[in-house]
Amino acid sequence: RWPIYASVALFLMAYGAAWMINGLADQNGGLGLTLLLTGAFCMGMILIGWFRNVIEESQSGLYNAQMDRSFRWGMSWFIFSEVMFFAAFFGALFYVRNLAVPWLGGAGVGELNPELIWNGFEAEWPLMITPDEALNGENARMVGPDDTMAFPGFTGKLAGWLPLWNTIILMTSSFTVHMAHHALKHGDQRHKFNAWLGVTVALGAIFMCVQVYEYYEAYHHYGLTLQSGIYGTTFFMLTGFHGAHVTMGTIFLAIQLFRSFKGHFKSDDHFGFEAASWYWHFVDVVWVFLFLFVYIF
């Protein structure tokens, strides 16, 4: 029953988020936000029940070698689906930056009058302004940062500070979770495993705090929002979904740490932790690509 319940909760979250992003929440008394929060709450309760069932079954000795293989294949396909999920967003970023924007500027298609797009259009990246949908032609009002010259400073600050620190944090956490796995396989669960895993969970929490501060800076000091042209959209979709995955991964690892305190793992039987570590390495690799193609190049 858990997959069915989870599908319903995910649908509520996606539907509510879509209403909010498209401005329908205001027109319907905040129903979009209500659906989003309801779906998120239901998803949290479902995961608690689902995890509890699996842990109880595992501790009761109900799983055999075939079940272990089934879990490993299931986690592998889940991570593959996540790879395809992010590949779609990276593909959108590549298409917009390297194909769509140059085409709109006339590259490769002959002379194209920028006035056909909107008055004053310039095919430059990052493209952070769009015309107000209610106006067009010479009266179009540009929606974007109040001072577009602030953006270079924002880029320099991020590439040189916040994302760089977050990259260091995640790369370090990938090392610490590997050391935790190494300690567990060699039977040192009580001291080294718990210590290394605890550090990993703490680093995940620090990453999220830094990203929250980054978003605050972007919104309040540099005018970079979801409405700041196609760059604002792709920036927040990529980094936002990655942040959601880091949040889930941190919770996943914290659950494994709690299980370790209760003595659940053995040196040769700990797939719950292995699955969490696979997921964590995945989100680390995704961040490296984000850092390179969103902030640097």
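Any value given below was found using the heavy atoms of this structure, including those in side chains, with hydrogens, waters and symmetry copies removed.
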Separation between [atom1] of [X] and [atom2] of [Y], rounded to the nearest 0.5 Å:
X      : Y      : atom1 : atom2 : result
Leu164 : Ile169 : CG    : CD1   : 10.0 Å
Phe235 : Leu290 : CZ    : CG    : 9.5 Å
Thr250 : Leu257 : OG1   : CG    : 12.0 Å
Leu184 : Met179 : CG    : CE    : 12.5 Å
Thr247 : Phe252 : OG1   : CZ    : 14.5 Å
Leu170 : Trp165 : CG    : CH2   : 13.5 Å

Is the shortest heavy-atom distance from the side chain of [X] to the side chain of [Y] under 4.5 Å?
X      : Y      : answer
Arg97  : Leu127 : no
Phe80  : Phe85  : no
Val283 : Trp287 : no
Arg72  : Glu274 : yes
Phe273 : Leu197 : yes
Leu162 : Asn166 : no
Lys192 : His186 : no
Arg52  : Glu57  : no

Applying a strict under-4.5 Å side-chain criterion to I, L, V, M, F, W and Y, I'd like to know whether [X] and [Y] cluster together.
X      : Y      : result
Met84  : Phe282 : yes
Tyr5   : Ile48  : no
Phe293 : Leu224 : yes
Ile255 : Met45  : no
Val201 : Val177 : yes

Open item on the list: Run the side chain to side chain donor-acceptor pair (under 3.5 Å) test on Trp280 and Ser174 for me, step by step, so that the C-alpha distance in whole Å, both residues' side-chain angles and the decisive distance to 0.1 Å come before the verdict.
Closed with: CA-CA 7 Å; Trp280 195 251; Ser174 194; 6.0 Å; no
Over all atoms of both residues, closest heavy-atom pair of [X] and [Y]:
X      : Y      : result
Ala9   : Ile46  : CB-CD1, 3.9 Å
Ala276 : Leu253 : CB-CD2, 3.6 Å
Gly49  : Trp2   : C-CZ2, 3.6 Å
Thr34  : Thr38  : O-OG1, 2.7 Å
Ala6   : Trp50  : CB-CZ3, 4.2 Å

TODO: Indicate the ring-plane relationship of Tyr279 and His245, choosing parallel, tilted or perpendicular according to the 30° and 60° boundaries.
DONE: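 Because their plane-to-plane angle is under 30°, the rings of Tyr279 and His245 count as parallel.
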- [ ] Measure up the Tyr213 and Tyr216 rings against each other and bin them: parallel (under 30°), tilted (30 to 60°), perpendicular (over 60°).
- [x]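 Tyr213 and Tyr216: parallel rings.
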When the aromatic ring centroids of [X] and [Y] are compared, is their separation below 6.0 Å?
X      : Y      : result
Phe236 : Tyr219 : yes
Phe289 : Phe86  : no
Phe71  : Tyr63  : yes
His242 : Phe207 : yes
His281 : His178 : no
Phe94  : Phe90  : no

Open item on the list: Under a 3.5 Å cutoff, is there a donor and acceptor pairing between the side chains of Thr200 and Ser173?
Closed with: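 Ser173 and Thr200 do not have a side-chain donor-acceptor pair below 3.5 Å.
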Open item on the list: Among Phe271, Trp77, Phe78, which residue satisfies the ring-ring contact (aromatic ring centres under 6.0 Å, His included) criterion with Trp278?
Closed with: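 When Phe271, Trp77, Phe78 are each tested with Trp278, the ring-ring contact (aromatic ring centres under 6.0 Å, His included) holds only for Phe271.
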Task: Working for side chain to side chain contact (heavy atoms under 4.5 Å, CB included), residues Val294 and Tyr231 - done: CA-CA 9 Å; Val294 175; Tyr231 180 82; 4.2 Å; yes
- [ ] Starting from the C-alpha separation in whole Å, work towards a yes-or-no answer on side chain to side chain contact (heavy atoms under 4.5 Å, CB included) for Phe175 and Trp196.
- [x] CA-CA 9 Å; Phe175 170 76; Trp196 284 114; 4.1 Å; yes
- [ ] List the steps, then state whether side chain to side chain contact (heavy atoms under 4.5 Å, CB included) holds for Leu47 with Met248.
- [x] CA-CA 11 Å; Leu47 290 178; Met248 178 60 78; 3.6 Å; yes
TODO: Answer yes or no: are there more than 12 heavy-atom neighbours, outside Ile4 itself, under 6.0 Å from its atom CD1?
DONE: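 Not more than 12 within 6.0 Å, no.
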Could you check whether any side-chain N or O of [X] sits under 3.5 Å from a backbone N or O of [Y], counting only pairs where one atom can act as donor and the other as acceptor?
X      : Y      : answer
Ser58  : Ile55  : no
Thr233 : Leu226 : yes
Ser70  : Gln66  : no

TODO: Please report the C-alpha distance between His270 and Lys185 in whole Å, then the side-chain angles of each, then the deciding distance to 0.1 Å, and finally whether the side chain to side chain contact (heavy atoms under 4.5 Å, CB included) criterion is met.
DONE: CA-CA 9 Å; His270 52 262; Lys185 289 193 294 185; 4.0 Å; yes
